[in-house]
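Data block below; observations after.
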Amino acid sequence: MDQRITLMDEAAVERALARMAREIVELNQGAEGLVILGIRRRGVELAQRIQTLLEAEEEVPIPSGALDITLYRDDLMEVGPRPLVGESSLPLTGVDDRCVVVVDDVLFTGRTTRAAMNELMDWGRPGRILLCVLVDRGGRELPIQPDVVGRTVSALPQQEVEVLVPEEDGRLSVELVLRNREEA
Amino acid sequence: MSRISSSLGKDLIGLEPLSAEQIRGILDTAEPFKEISERRIKKVPVLRGKTIVNLFMEPSTRTRISFEFAEKRLSADTVNISASGSSVVKGETLVDTARNLEAMRIDMVVIRHGASGAARFLAERIPSNVINAGDGSHEHPTQALLDLLTIRDHRKRIEGLRVCIVGDILHSRVARSNIFGLLKLGAQVGVCGPRTLVPAGIEALGVERFRRIEEAIEWADVLNVLRLQLERMRTGYVPSLREYNRVFGVTTPRLERAPRDILVLHPGPMNRGVEIDSDVADGPQSVILQQVTNGVAVRMAVLYLLAGGAPERAEAAKTGGLG
């Protein structure tokens with residue numbers, strides 16, 4: 001059996017997201033020009049939550065969208081069988097000169113962020129990109145750091161940090177998973 | 001991340017050897033690729049550094065250009081070879097041509113050839129991925145895939161639909177690939193055409209045969225109208241183009257008598273006024289231009305699925321698990 005330790009329960013995640021939304025407004029000095037983009041799949045759910053919080057707080061609509069970075073991965077030729085490609089969808093406002101907030105669930109090697117930034121550059125010329133993650137678990141392989149973080153943890157390489165969202169997993173939490181290699 | 005559960009292997013030769021799951025996998029993969037062609041910068045880096053040769057030994061504009069767009073939008077490097085401009089005219093064999101290309105370190109060959117079986121012949125002899133872009137009267141898998149995708153876009157499903165293929169079934173690789181693909185996905189398939197152009201015993205494939213276009217229209221949800229190759233007239237398969245249009249032409253008066261709204265497909269290039277009337281081709285039931293748009297997306301999906309890791313490496317990677 002895999003061992004699971006809850007790092008953040010639902011209330012903790014919601015408090016973190018509320019603080020993260022405020023930090024985004026602070027960094028951008030208001031809500032003007034913001035675009036929120038979630039990285040598929042769980043980043044999209046988190047981005048929607050942050051968007052809802054921002055819209056309630058700032059009382060303006062915040063454009064949002066989703067990024068699927070499959071076609072920008074640096075390990076595609078080694079992965080196979082091919083991962084299913086999801087759709088990227090951008091708000092009609094585009095990203096040019098906007099402050100684009102890229103939302104992901106867990107920041108690990110930084111390779112997903114690299115891919116997301118490359119994709120964004122193909123979409124246009126953002127005025128600024130902010131990286132916003134619920135959990136930074138360390139273990140970076142690229143010089144990439146987050147701007148807004150929910151929780152920083154030091155996980156060992158063999159451990160996995162999972163963000164669970166109600167839409168996909170039935171609950172909202174952050175969990176540390178120790179895989180039992182024998183059984184797997 | 002979810003994955004295509006059954007990969008395609010090295011080549012795409014036809015739809016006959018594929019499973020329903022593999023065909024659905026290609027169609028599902030094509031969906032996100034549609035959006036890339038709508039972007040301002042119509043390019044993603046997924047095939048960067050791959051070299052693809054488009055080996056077109058038979059004339060083709062639409063298929064070749066569609067493949068070329070698909071390749072370029074995935075950032076592959078492409079070379080086009082046509083029969084007239086190659087050493088084929090100097091007597092080089094297909095395998096020698098391919099081996100010479102391989103010696104220049106290519107990754108994929110897209111082949112169009114007049115001989116049935118040419119794509120498989122090549123695929124068995126070179127390590128590069130081979131995609132069949134039409135071989136003789138055997139198969140034209142990417143055309144059938146884009147037809148399937150277009151039907152699915154409009155009718156939300158393939159299963160249970162009644163699709164009738166109209167025209168020259170005998171010589172048509174498009175008809176064969178469509179029949180295999182449609183049947184595998186659970187559609188009912190009909191064929192309709194002059195007795196000389198429908199193979200005897202075609203019912204054995206599990207398709208229904210209609211002798212009159214009116215009966216086909218009465219029965220069908222979708223018509224896939226094939227191009228009448230004009231040389232068929234010279235070789236005596238049909239008496240005249242006007243006669244063909246009068247008996248088998250898809251015309252507005254005939255469609256108006258249909259009991260339901262029929263979707264009309266045509267793989268192109270059209271002979272307006274022969275197999276299809278202009279007002280049908282340009283009318284609201286026609287999805288002919290969407291077929292062309294979908295063609296690029298389907299070919300991007302096929303290129304994407306075939307490219308990359310060899311199957312054995314893929315197996316090894318599956319257990320590794322990538323975050």
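In this text the structure is predicted, and so the values were computed from the model without any measurement. Protein chains get the first letters and strands the later ones, always in sequence-line order, with residue 1 at the start of each. Computed from heavy atoms alone, side chains included, the values below leave out hydrogens, waters and symmetry copies.
A cation-pi arrangement is found for Arg125(B) relative to Phe121(B), the charged atom lying closer than 6.0 Å to the ring centre and inside a 45° cone about the ring normal. A cation-pi arrangement is not found for Arg112(B) relative to Phe56(B), the charged atom failing to lie both closer than 6.0 Å to the ring centre and inside a 45° cone about the ring normal.
The shortest side-chain heavy-atom distance between Lys10(B) and Leu306(B) does not fall under the 4.5 Å cut-off.
Inspection of the Asn129(B) and Asp11(B) side chains reveals no N or O donor paired with an N or O acceptor under 3.5 Å. Counting only N and O atoms by type, the side chains of Asp147(B) and Gln291(B) include a donor and acceptor under 3.5 Å apart.
For Ser89(A), no part lies under 4.5 angstrom from a heavy atom of chain B.
Comparing Leu90(A), Thr109(A), Asp96(A), Val106(A) by how many heavy-atom pairs each has under 4.5 Å with chain B, the most go to Asp96(A).
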Problem - Test log, rule side chain to side chain contact (heavy atoms under 4.5 Å, CB included), inputs Phe69(B) and Arg299(B) - result: CA-CA 9 Å; Phe69(B) 274 134; Arg299(B) 290 175 177 119; over 6 Å; no

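Salt-bridge formation is not detected for the pair Lys184(B)/Glu16(B): no Lys NZ or Arg NE/NH1/NH2 atom is positioned less than 4.0 Å from an Asp or Glu carboxylate oxygen.
Interface residues of residues 34-44 of chain B toward chain A, defined by a heavy-atom distance below 4.5 Å and sorted by number: Glu35(B), Ile36(B), Arg39(B), Arg40(B), Ile41(B), Lys43(B), Val44(B).
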